[in-house]
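Remarks on the structure that follows.
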Amino acid sequence: MAMEPTIQAASLLAAVNIIFLTALSAVWLRNYRTFRTPLVLGLVAFGGVMLVENALAVYFFFTMQSFYSGDAHVQQAVLVLRGLQLIALGFLTYVTLR
């Protein structure tokens with residue numbers, strides 16, 4: 001069964017989110033090693049959890065295609081949520097790397 005274009009787009013967005021989160025987590029981890037503050041540790045934990053979530057999403061997109069292909073509204077909702085996450089992580093990456 002071929003993957004629907006909407007889910008393909010959602011999996012691509014999740015992969016881009018993983019790239020952003022890897023960059024962010026690297027910066028935050030380096031900052032935590034320097035400053036040792038609870039706020040930066042929280043950012044490291046946030047990055048780690050979001051990385052795991054996006055990696056699992058990509059895994060499920062490819063292994064449970066029938067789950068996502070049943071309803072077009074579910075596919076659209078997944079795509080919109082991945083897009084919103086991409087926008088948020090894009091802004092966060094931009095301001096962190098400046």
Side-chain angles (χ1 to χ4, degrees):
M1 178 178 206
M3 192 183 283
E4 295 288 328
T6 324
I7 295 301
Q8 284 179 337
S11 61
L12 177 66
L13 292 178
V16 174
N17 288 341
I18 289 171
I19 293 167
F20 282 159
L21 285 163
T22 301
L24 286 168
S25 295
V27 170
W28 292 335
L29 188 59
R30 185 181 64 228
N31 287 345
Y32 179 70
R33 288 182 180 154
T34 302
F35 301 111
R36 301 271 184 204
T37 63
L39 176 63
V40 180
L41 181 60
L43 291 171
V44 171
F46 169 80
V49 170
M50 291 295 290
L51 267 170
V52 169
E53 188 271 334
N54 278 279
L56 283 172
V58 170
Y59 172 76
F60 285 128
F61 287 149
F62 286 103
T63 61
M64 299 184 71
Q65 295 172 17
S66 61
F67 178 72
Y68 289 107
S69 65
D71 186 6
H73 294 327
V74 172
Q75 293 175 2
Q76 291 171 349
V78 168
L79 179 60
V80 167
L81 291 173
R82 292 289 158 204
L84 290 172
Q85 189 178 70
L86 176 70
I87 292 168
L89 291 173
F91 283 127
L92 192 56
T93 303
Y94 175 75
V95 298
T96 299
L97 296 178
R98 272 184 42 131

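- The line from CZ of Phe91 to CZ of Phe20 is 10.5 Å long, rounded to the nearest 0.5 Å.
- With rounding to the nearest 0.5 angstrom, the OG1 atom of Thr96 is 5.0 Å from the CG atom of Leu24.
- Here the side chain of Ser11 pairs a donor or acceptor atom with the backbone of Gln8 at under 3.5 angstrom.
- A continuous path of ILVMFWY side-chain contacts below 4.5 Å connects Phe62 to Val16, so both sit in one hydrophobic cluster.
- The salt bridge (Lys or Arg N to Asp or Glu O under 4.0 Å) pairs that include a residue from residues 18-27 number zero, where partners must be two or more places apart or lie in different chains.
- Here the CD1 atom belonging to Ile19 is positioned 12.0 Å from the CG atom belonging to Leu89, to the nearest 0.5 angstrom.
- To the nearest 0.5 angstrom, Asn17 atom CG is 10.0 Å from Ile87 atom CD1.
- Here the straight-line distance linking atom CG of Leu92 with atom CG of Leu97 works out to 9.0 Å at 0.5 Å rounding.
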Side chains of residues 34-48: which donor-acceptor pairs under 3.5 Å do they make with residues two or more places apart or in other chains?
residue, atom, partner, partner atom, Å
Thr34, OG1, Arg30, O, 3.1
Thr37, OG1, Val40, N, 3.4

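- Here the shortest heavy-atom pairing between Ala14 and Val58 reads CB-CG2, 3.6 Å.
- The minimum heavy-atom distance linking Gln85 with Asn54 is given by the pair OE1-OD1, 2.9 Å.
- The side chain to side chain donor-acceptor pair (under 3.5 Å) test applied to Glu53 returns Arg82, not counting sequence neighbours.
- Both Val74 and Leu79 are part of a single hydrophobic cluster, where members link through side-chain heavy atoms under 4.5 Å apart.
- In the hydrophobic clustering of ILVMFWY residues, with side-chain heavy atoms under 4.5 Å counting as a link, Leu12 and Ile7 come out apart.
- The CG atom of Leu21 sits 4.5 Å away from the CG atom of Leu51 when rounded to the nearest 0.5 Å.
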